[in-house]
Amino acid sequence: MELASKYNPSDVESKWYQYWLENGFFKSKPDGREPYTIVIPPPNVTGVLHMGHMLNNTIQDILVRRARMLGKNACWVPGTDHASIATEAKVVNKLAQEGIKKTDLTRDQFLEHAWEWTHKHGGIILEQLKKLGASCDWDRTGFTMDETRSKSVLKVFCDLYSKGLIYRGVRMVNWDPQALTALSDEEVIYKEEHGKLYYLKYYLAEDNGTGETGAEGEIVHRDAKGRYAVVATTRPETIMGDTAMCINPKDTKNRWLSGKKVIVPLVNRVIPVIEDEYVDIEFGTGCLKVTPAHDVNDYMLGEKYNLQTIDIFNDNGSISEAAGLYVGKDRFEVRKQIEIDLQNGGLLEKVEAYTNKVGYSERTNVVIEPKLSMQWFLKMEHLAKIALEPVMKDELKFYPPKYKNTYRNWLDNIKDWCISRQLWWGHRIPAYFLPEGGYVVAETPEKALELAKQKSGNAYLKIEDLRQDEDCLDTWFSSWLWPISLFDGINNPGNEEIKYYYPTNDLVTGPDIIFFWVARMIMAGYEFEGQMPFRNVYFTGIVRDKLGRKMSKSLGNSPDPLELIEKFGADGVRMGMMLSAPAGNDILFDEALCEQGRNFNNKIWNAFRLVKGWNVDEKLAQPEYAKIATDWFQEQLNKTIIEINDCFEKYRISEALMAVYKLFWDEFSSWYLEMVKPAYQQPIDKATYDITLSYFEVLIKLLHPFMPFITEELYQAIKDRDDKDSIMVSLVPKATEYCEKTISKMEVSKEIIAGIRNIRAEKGISPREAFSMYYKGDYCEKNNSIIEKLANIDKIEEAKSALNGATASIMVGTIEIMIPLGNNVNVAEETKKMEEEIKYLEGFLISVDKKLGNEKFVANAKPEVVENERKKKADAKSKIATLKANIEKLK
RNA sequence: GGGUGUGUAGUUUAAUGGUAAAACAUCAUCUUUACAUGGUGAUUUUAGCGGUUCAAUUCCGUUCACGCCUACCA
């Protein structure tokens, strides 16, 4: 077989992916084997593949492929997420381009557009994952809004409602007065704005002059009309909604206001002075006006002190009837007018220039208005409690564990989850309002009608009389069920699949959604299945560019993953991502990493070409050097397999990859193959050839989870195979022990060989010129034939007496290796080098001596540590003596 | 502002209470018969300060820098 000198990934990748698909190697059904399950973090239907997905899914594929090769029943379930907010925004934009406004459509019409959009774009990202080599069971592909998942969501909502965990409540939302919709926090952009700070006079009601204590630091304002408090505000137009004034109980300068009542300027409403530590003593005058309907923090104060709430705005941002003044006028117009009116009324102490941050709508660019609205909430206390302990006790493990802290912190300070969204795209809240007030919650309208009849006592109610809540559920309210709902565990509890695949094994995701998603899945897992949803969570880093910036469309710094695959091959890109992607650390992505990956592909390819290019002579006996090499490599292989297993157990995937990388490149290619390689154009013996091929096969099996394509290509090229014999369903060899002695002896030999090669390089002596080698010290002759072959040595002997003539010498541990050089030696240079070595060793000796001379060290340190220091001292002394003798000899 | 995490060669990472390791990059050198997408070799490191200890990169405190979460201050 003729093989090209370079590996060309695009030739083989699609071919093998197709082969795997056609043979159903990705599919999983429950059977007697141990299951290994991963559910994919479902990408948005709006999304296209980005580098974060590449990293995340590469890791999942590595884990799944490895589990499969360990003989487990591996099941990787793919799917997508409906992403309420993002998708609805995309659809609204698309319609806008066609000149259609969302408000012109009915809910059903809009949903039709949204489904159309989803069908068109929703699958793109999954198709892209196939290019990466993802071994998902595609028949199982789920979608958070498909029938099974939707039913699960509604059932869970009803269940939680009946348990009393879901309630309706008022909450401050970001209101867009132009789009007439609530926005999520993510859709609000804060901008610095130059505004004014208005200082308003709030006169005391029924002022009888008591309250002043004359205490130090107390500041009392008074004028002809009496005493007053000064309140600083950026929004004077909201005074119509004021229902209290608040001071800090520790604020001495305002102590005199405690327990008093004050009059809202212009409005003339009498409001109480309340006290709360929330107020910043240093800001303005330390007096805060409280407008519970129009400020988030004021709302909290309102709740706490049971204040009246006056909503002074209409939905479009004009002043409402409730305000009593300026009714119908726009909020910004009123701000100008009220300044004048306050001034004229003598109610404005002063005005200062002030810069603050104001929220704008991302969509309409108008100033958002905090607004109270009715929302659905899920109580978190119980769920947080059941989700915290398993993680803290490491029953469910986080990698890296530092995220346990973050997790606990969030659960300890958890607030109830607002699960309603003012959107159409999503699961509509299954709450139905009765004509005469009140509501019922049920999975279907029919069930709702039954409940409504019971509740109202009206047997003649019809479905049309019920009005379903307009809002839909937060997307995470469906994703938190993902590991359960994918196996239909909500609708069909205890079914065969959920029993077999749940709990899943590993979850691979980013730390940025630890609360949104991971924590909530853990809650749902324990609440609905009574068990953890996954045993381990692997947090990947965030992929950044090489300057450390997040990859974003606006910066244009994100490479197109498909172009990268085109350029370096999927294996090369996977490898490039994994080489520097330890758990939880951000990866600074650089194309050079993929280049390294591609180079590795090429190395593997060429190693294969070499081996396959040898001619085998069946009659040839195995040479001694080959026997030694094959015996050694078996041990080296076992050692690395154990190392890799250990890395995987600790989820150190990039380290596992580095271990295989070095095994292949350094140990196998640079050492082993050079050891067994026959002389130029000579044949190789059969025993060595066969075992070399078998090593090669083991190596590509170890590499397969990381680089699925090239390894399948070579697996099939080693020999003709049965159609069902794919590397991806083969078993990787196990190793439990290895011979450390064999390996360490070879390490010494390798050092000697490298040292001799180095002598040649430094002296400019050709590798073809054979040397003789003499040794002193604790040398083992076992690997002589290897050293002779790789260092071109014609004779190895113990140096019984001093050697005549110029010699180069190297120290390997305490063994001294000497090479007679004839005339090839530069005395001055050689002496200088040895003197430098002596200088270093003497410095080393001083530090060791200092330590050993320290009585406290000898008394307190562990005996083996002291013993080790003594040995270091002896070794260093002996080395120095040898070097000094060598210098003498050169003179 | 509050909380939390992280600082180790130029870069990305590893390790240890006992003289800090690897990969890439850089430089030098080698056109030796699989691979110049190769070989050989060299250079370079514990953020600052203080403490505990015989001994600190490791443990503790603090400063600085950066990241993340959260609240954004009327």
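This structure is a prediction, so every number in the text was calculated from the model and none was measured.
- Taking atom CG of residue A:Asn860 and atom C1' of nucleotide B:G18, one finds them 13 Å apart after rounding to whole Å.
- Within a 6.0 Å sphere centred on CD of A:Glu352, heavy atoms belonging to other residues, nucleotides or ligands number more than 12.
- For the atom pair CZ (A:Phe515) and OH (A:Tyr407), the distance works out to 10.0 Å, reported to the nearest 0.5 Å.
- Here CG of A:Leu388 is found 10.5 Å from NZ of A:Lys404. Values are rounded to the nearest 0.5 Å.
- Nucleotides B:G3 and B:C59 have their C1' atoms positioned 24 Å apart, rounded to a whole Å.
- For the strand RNA chain B, secondary-structure stems (runs of at least three Watson-Crick or G-U pairs, all distances below 3.5 Å) span B:1-7 with B:64-70, B:10-13 with B:21-24, B:26-30 with B:38-42, B:47-51 with B:59-63.
- Note that A:Arg335 lies outside the cation-pi zone of A:Tyr198, set by a 6.0 Å cut-off to the ring centre and a 45° limit from the axis.
- Atom C1' of nucleotide B:A14 and atom OH of A:Tyr661 are separated by 16 Å, given to the nearest angstrom.
- In this structure, the OH atom of A:Tyr278 is 7 Å from the P atom of B:C72, given to the nearest Å.
- Taking the six-membered ring wherever Trp is involved, the centroid distance between the rings of A:Phe633 and A:Tyr672 falls below 6.0 Å.
- Heavy atoms of A:Asn868 sit nowhere under 4.0 angstrom from any nucleic acid atom.
- For A:Tyr661 and A:Phe600, the distance between ring centers is under 6.0 angstrom.
- For the P atoms, the distance from B:U6 to B:A15 is 14 Å, rounded to whole Å.
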Report task. Take nucleotides 32-42 of chain B nucleotide by nucleotide from the 5' end and write B, S or -, depending on whether a protein heavy atom sits under 4.0 Å from the base, only from the sugar-phosphate, or from neither. Result -> SBBB-BSS-S-

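- Among the heavy atoms of the strands lying under 4.0 Å from A:Val848 is at least one base atom, whether or not backbone atoms are also near.
- B:A56 and B:G18 have their P atoms separated by 11 Å, given to the nearest Å.
- Judged purely by distance below 3.5 Å, without hydrogens or angles, the side chains of A:Thr640 and A:Lys662 never pair a donor atom with an acceptor atom.
- Distance, A:Glu277 CD to B:G2 P: 16 Å, rounded to whole Å.
- Of all heavy-atom pairs spanning A:Ile312 and A:Thr238, the tightest one is CD1-CA, 3.8 Å.
- Nucleic acid contact for A:Val231: none, since no nucleic acid atom lies under 4.0 Å from a heavy atom of the residue.
- Within 4.0 Å (heavy atoms only), A:Asp280 reaches at least one base atom of the nucleic acid.
- One interatomic measurement links the two molecules: CD of A:Glu655 to C1' of B:A22, which rounds to 10 Å at whole-angstrom precision.
- Remark: the separation of the C1' atoms in B:U31 and B:U13 is 35 Å, to the nearest Å.
- When the P atom of B:A22 is taken as reference, atom CZ of A:Arg652 falls 17 Å away, rounded to whole Å.
- Defined by atom type and a distance below 3.5 Å, a donor-acceptor pair is present between the side-chain atoms of A:Arg408 and A:Asn405.
- Residues A:Asn758 and A:Ile810 are not in side-chain contact: their nearest non-hydrogen atoms beyond the backbone lie 4.5 Å or more apart.
- Remark on RNA chain B: of its neighbouring residues A:Lys357 and A:Thr406, the 5'-side contact belongs to A:Thr406, judged by nearest-heavy-atom nucleotide.
- Of the side-chain N and O atoms in A:Tyr407, none sit less than 4.0 angstrom from OP1 or OP2 of B:C69.
- Distance check on atom P: B:U11 versus B:U44 gives 16 Å, rounded to whole Å.
- We find that CG of A:Leu657 is positioned 18 Å from P of B:A22, with the value rounded to whole Å.
- Rounded to whole angstrom, the span from the CG atom of A:Leu288 across to the P atom of B:A74 amounts to 10 Å.
- The side chain of A:Asn409 has B:U4 as its nearest neighbour among B:A74, B:C69, B:U4.
- Rounded to a whole angstrom, the distance from the C1' atom of B:G10 to that of B:C27 is 13 Å.
- Nucleic acid contact for A:Asn356: sugar-phosphate only, since backbone atoms but no base atoms lie under 4.0 Å from a heavy atom of the residue.
- Nearest nucleotide to the A:Val296 side chain, out of B:A23, B:C72, B:A22: B:C72.
- B:U57 and B:A47 are spaced 9 Å apart, taking the P atom of each and rounding to whole Å.
- Comparing B:U16 with B:U45, their C1' atoms sit 16 Å apart, to the nearest whole Å.
- A:Met54 has its side chain out of reach of A:Leu564: every pair of non-hydrogen atoms, C-beta onward, lies at least 4.5 Å apart.
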